[in-house]
Structure formats: structure tokens, C-alpha cells
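Structure record follows, encoded as C-alpha cells.
Both ligands and their constituent atoms are indexed starting at 1 by order of listing. Below, all heavy atoms of this structure are taken into account, side chains as well, without hydrogens, waters or symmetry copies.
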Amino acid sequence: MGNSLLRVQGLLCLSSLVCCEHTEDKPELVLIVSPSWLSPGASVTLRCEVKPPSAGWAFYWYKAVPDISQRNYRYELLPDSIRGTVEDFYIIHGQRNTAGYACRAGRGNQEYLTDYSEQKIVWSQDSQPATSLRVSPNREKHFTSDNVQLYCEGKSASWRVKRFTNSWSDSTDCSDWGTLSESSCTINSSWSHLSVYWCESGSGEFSNAVNITIHAPKPLLTVSPSWLSPGASVTLICEVEHPSAEWRFYWYKAVPDPSYLNYKFKLLPGSREGTVNDTYVIRGTTHTVGYACRTERRNPEYPTDYSEPKYVWSAGSYPTVSFTVSPDREQHSPSVSVTLSCGTNSAEWRVMKFSEKGYIANIENCPGLWTTTGSSCTFSTHLRHQSGVYWCESGSGEFSNAVNISVHNRDLLLVSPVHPVTEGTSVILICKQRGENTLSNVIFYNNEKLVQNDSRGELNISAVSQSDEGFYKCEHSGKVSPQSWMAVQAASRPESSLFIVLLVTGSVGGVILIIFLLLLCHFRQSKEQPVSKDQHQDQQQIYSSLLHGDLCVYETIRGSANSGKGQHDDSENFPDSVGMTSS
Ligand SMILES: *[C@@H]1O[C@H](CO)[C@@H](O)[C@H](O)[C@H]1NC(C)=O
Ligand SMILES: *[C@@H]1O[C@H](CO)[C@@H](O)[C@H](O)[C@H]1NC(C)=O
Ligand SMILES: *[C@@H]1O[C@H](CO)[C@@H](O)[C@H](O)[C@H]1NC(C)=O
Ligand SMILES: *[C@@H]1O[C@H](CO)[C@@H](O)[C@H](O)[C@H]1NC(C)=O
Ligand SMILES: *[C@@H]1O[C@H](CO)[C@@H](O)[C@H](O)[C@H]1NC(C)=O
Ligand SMILES: *[C@@H]1O[C@H](CO)[C@@H](O)[C@H](O)[C@H]1NC(C)=O
């Protein structure tokens, strides 16, 4: 017993010895210089911190003098610093130029001296005759492909160019990041960053310091309107920093493509040579589409990255790709689960969400990017920020219709259809209270106007017309539901009657079509290209790009439902439609 106690004490002693050697004998010095950018003539405060903190130190203050031949610095004691100062700070008055500093500390009779602290620099844009930095072209912001030349000028024959970037703690030489020539240093950077640059001369001087921002511009695309209305045109506007007449604009359709992880970009008609106008108008869009733009500058030639894709959403469902939501309602309470289905035969699917905050987000509780399993995905709405616009994208390049889904932690919710209702049909809007089945005495509003106030709990619109489109909400015993948009679509469109004909002749026609195509292929095989009905596709260049930023994990759905709905009006996807009819 006593023995073991001794042993424990012994261990404690040992560990404290080891510990003390580390902390007491090797304190570190941290120098803080403020401000970091000087207004010429102001004071500079140096503060030296001993880490870990301990008492009884004398502090020594140094000025750093560039030593070009040694690729280093010499340290010269500052005035009144020979015997060290008791204070752990030192003030320099009336400083005008860029300067470097360091500190050191000592204590005890046979004075123990620490190492020098790391050197810190205070930057000034005041140039001086001894040495100055000139930047060409003379501006603060540059593109990654620009040649930015740094010239050190002054009486000294030798010099070096230094830079400090926030992401590195040390300043580095031109040879680390640029191309050195006899008279200048050229910045050559393919990444965006902000740095401070200055020169150091052979005669030991610092030059003026200059901020330089290097960046890769990314255009910003806006698409309006966001929701398609029949017959309306879609306007794309591509914005780029530093607008000038030299930019040319390239316009793309974003085509979902699992092999490129996200999209490949197909040039839109008339944009092969780029357009001078930053606006592009598209007519006759009927389906959900993603767009992107890119800009290029001539002289010096400079291409930008693709913009993030932006969408125009179509609410109407179309035969090949139809997105369904179950339960079929726009407003959901946080306690329920919602099942999303992409009605398609394409092997790969994913569900996309454009969140209320305006970015593309992932969907919690659903599988990751581009899956091939499962024709639907169920997600729980427990998180309020599930609200947004949802749609499907297929691996064969199509978009589905889009829906609004909102999640509200409210007592009263309106049950309204998630898809547009067809003119002439009837629709019933219901008001639901948490924990209750049916309500009576409900007031309904359309675009803030009272439309029904009686004992009923639902609003029955027996034959919907275009004028019924708009926002609806309900009110019950003083509580009001959130409002939701009810979209109305025209009764019969030419393409849907065509679709019905095709549906009726579906299986028979499909088989005949396949035989016909097989024969056609057989005949053409020896000649050249397979049949392509898309005139644009051949002449359009296909670009691809990986998207980054907020685009990350999406859950993915492969639809297997609605396999009979095999035809749509987009000839581009003709071969797919045939495949579907046969299954
Ligand atoms: C800049 O770097 C790129 C590759 O990183 C290289 O191709 C190019 O020649 C360099 N330019 C100069 C002026 O050194
Ligand atoms: C350089 O940039 C810093 C901020 O990053 C700023 O505080 C400073 O004033 C700038 N200096 C000049 C000369 O523009
Ligand atoms: C650019 O295109 C838009 C839309 O077509 C048009 O209104 C505008 O006048 C055009 N601007 C120029 C400078 O051509
Ligand atoms: C979604 O909501 C917006 C307004 O918030 C509306 O313009 C759009 O038509 C709605 N889409 C559908 C499918 O209801
Ligand atoms: C709805 O009707 C009730 C009974 O007629 C009436 O008391 C109430 O004021 C009405 N509410 C509104 C908002 O008009
Ligand atoms: C709604 O109105 C239609 C047409 O008048 C009628 O057939 C239907 O029964 C009504 N539904 C309800 C729940 O009242």
C-alpha cells in the first residue's frame, strides 16, 4: 500500500519535471503588430506575448532589415531597447513606410534569451525613392489569366518581390509563385486569391505595399419567368463582372447527365460564335429546362467558367416524365412523410430541390446522387427547410414537371393540389386542423379576397376556370393557414390528343415501330450515321462541366411507373420513347 503511494508520487514528480522542461525552457514569442495597414505617419504598436504566459521578462524590439544576399533578414535593435523594456509593448511614432519587426525576451541573472519571434510586417502604400513597387496593368483586380507584372524600382541594383497571402503564415518570394525576369516578376496564378505585394531592396529597404486580387470570374445567369406560362417567352440575362464591349456571351441548355455527374451543356442555336448582347430570348419552351451561360473576352483572350444552371419550371405534367407527390398536397405538416416519384423508365434519376433560400439543396433521408435503384423516394418533412421547388432529372437527359412543396409547423393547413388543375374539372380545397378530421365554419380566401364563409369546411369549385388560378388560404376560429398557389391549365392541348392516340395504339404501334426501326438500322448500318431526328444536336458542341458549390448530394429516383406513357413531342428523345413503348 505505502509502496504504491510512493511510486505514484514518484511518477507525478517525473511528469512535472518533463512538463516543466518543455514549458519553462522553451517559451514561444508571438508578435502582434497593429495596425497591419498603416496610414502614413501614424503610430505602430508592437506587442510581444510569451506563450505560455510567465512573468519577469525583459523585451527586446527589432527592426527587420532585408538581406538579399543571404535570402534573409538582419535584426537591428530599435532605440531604447538595448536593456530591454519591462513593458511587453513598444510604440513607434510617425511611421511612414512599410517595415518589418521582431521581438525577443530574456530573464534571469545570466540572461536567458528566447528565440526571435516570427517577423511581422506593417504595410504602407507610401512609396519612397529608395525602392518602390510598380504594378502593370495598374489596377487592384485581375483575372487569373492576366499577366500581372511587378517592377521593383529604385537606386538599388538588387531586389526581391515578396507577397503575403492570408492562407499562408509566411511571406514568400517571387520564385515561389511567379516568373522572375531581369526587371520584373510576373504573377502566374490559376487560382483566386488576395495578397499583399512589396519589394525589398539590396540596400535593405521595403517598398510601398500593394493589394492585388486575382480572381476567376463566374457569370451569373438570371432566367425569367421562373415558372412557364403557355406561349410566353423565356428571357436569359448573363451578367459578368467588369462589363465591357469586349465580352461575348455563349448560351447553353443544361442536359442532366450522370456520366458527367451533373450536366453537360449544349450550345443553344445562334450562339456558336457568341452573342454581343447579354440577353437571349427563347420562345416556345413547353417543358422544364435548365440553362447556363458563359462569357469570353478577346484581347487578351479569356474564357470564364459556366454560370450555375438556372431553371424555368413547368408545372404541367408531360407523358414521358411525370413527377408525383404523395400525399398530393402543397402544404405539409412537419410530422408526415412525403413520397416523391419520377414516372419514367430511365435507369437513372435524381430529385432536385431548389430551396426557399435560392440554392439547390440536397434532400434529407433520400439516397445520394444519381441512383439506379428505387422508383420513388420517401422523405420526412420534420425539417422546416424542406420547402422549395422539386423536380426530377433523368439520366437520359430529361427534366420532369416541377412542384411547390411547403412545410409548415402550423395548426391550420390548406389542402390544395400540388399539380395544376385542368380547366372544367372540379377541385375541392380543404382546411385541416392538427388532430382533427373535418372542420366546419371555415372561411376561404382567394388572393386575399373572401370567397366563402359558411358552415362548410371545404371549398368546392365545380368547374375550374382560368380565373380561379391564384393564392388560396383558409381561416378557422381565428387561425389562418399559410397560402398556396393553385395553378390552372388549359383543358386540351393538341399534343395531349396526339398522346391519347398514341396511347391507344401504343403497344401495337410500338412493336411495328421497333420492327421498322430495326430494319432501318440494318439498312443504314453499312452506310454511316444512325438516324438522328435532331438537327441541332449534330451542329451543337457538347460541353461538360462539374458543378460545385451548393450542388452536392441529391437523392435519386428511377421511375418505373407509367411505362405506357411512351410518347412526347420532343423528337430529340425519340429512341428513348421507342424503348419505353416496348417495355
Ligand atoms: C503560367 O502557368 C501556366 C500553367 O500553370 C503555363 O502554361 C504558362 O506558360 C505560365 N505563364 C507564364 C508567363 O509563365
Ligand atoms: C489592402 O486590403 C486590406 C484588407 O484586406 C485593407 O485593410 C487595406 O486598407 C488595403 N490596402 C490598400 C492600400 O488598399
Ligand atoms: C439585346 O436583346 C434584347 C432582347 O432581344 C433587346 O431588347 C435589346 O435591345 C438588345 N440590345 C442590344 C444592344 O442589341
Ligand atoms: C409555385 O409557386 C409560385 C409562386 O410562389 C407560382 O408562381 C407557381 O405557379 C407555383 N407552381 C405550381 C406548380 O403550383
Ligand atoms: C363570416 O360569417 C359569420 C357568420 O355570418 C360572420 O359573423 C363573420 O363576420 C364572417 N366573417 C368574415 C371575415 O366576414
Ligand atoms: C362539388 O361540386 C360538384 C359539382 O357541383 C358535385 O358533384 C360534388 O358532389 C361536390 N362535392 C362536394 C364534396 O360537395
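Summarising the contacts of atom 2 (O) of ligand 3 with N277, T279, D278, the nearest heavy atom is found in N277. In this comparison of N441, D454, N453, L450, the heavy atom closest to atom 10 (C) of ligand 5 sits on N453.
Protein non-hydrogen atoms do not reach within 4.0 Å of atom 7 (O) of ligand 3. Of the protein's heavy atoms, none falls inside 4.0 Å of atom 4 (C) of ligand 5. Atom 14 (O) of ligand 5 lies below 4.0 Å from at least one non-hydrogen atom of the protein.
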Let me see the working for L228 and V234 under side chain to side chain contact (heavy atoms under 4.5 Å, CB included), right down to the final yes or no. CA-CA 8 Å; L228 269 180; V234 178; 3.8 Å; yes
Under the side-chain hydrogen bond (donor to acceptor under 3.5 Å, both in side chains) criterion, do D257 and S259 qualify, and how do the steps go? CA-CA 5 Å; D257 187 343; S259 60; 2.6 Å; yes
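Figure legend: cation-pi geometry between R350 and Y263, with NZ or CZ positioned under 6.0 Å from the six-membered ring centre and within 45° of its axis.
For F323 and Y390, the distance between ring centers is not under 6.0 angstrom.
For ligand 4, the atoms closer than 4.0 angstrom to any heavy atom of A315 are 13 (C).
When each of E448, Q331, Q483 is paired with K473, the side-chain hydrogen bond (donor to acceptor under 3.5 Å, both in side chains) condition holds for E448 and for no other.
For ligand 4, the polar-atom distance check finds an N/O of N404 within less than 3.5 Å of one of the ligand's N/O atoms.
What sits closest to atom 9 (O) of ligand 4 on the protein, heavy atoms only, is W485 NE1, 3.1 Å.
Rounding to the nearest 0.5 angstrom, the gap separating the CH2 atom in W313 from the CG atom in N404 is 8.5 Å.
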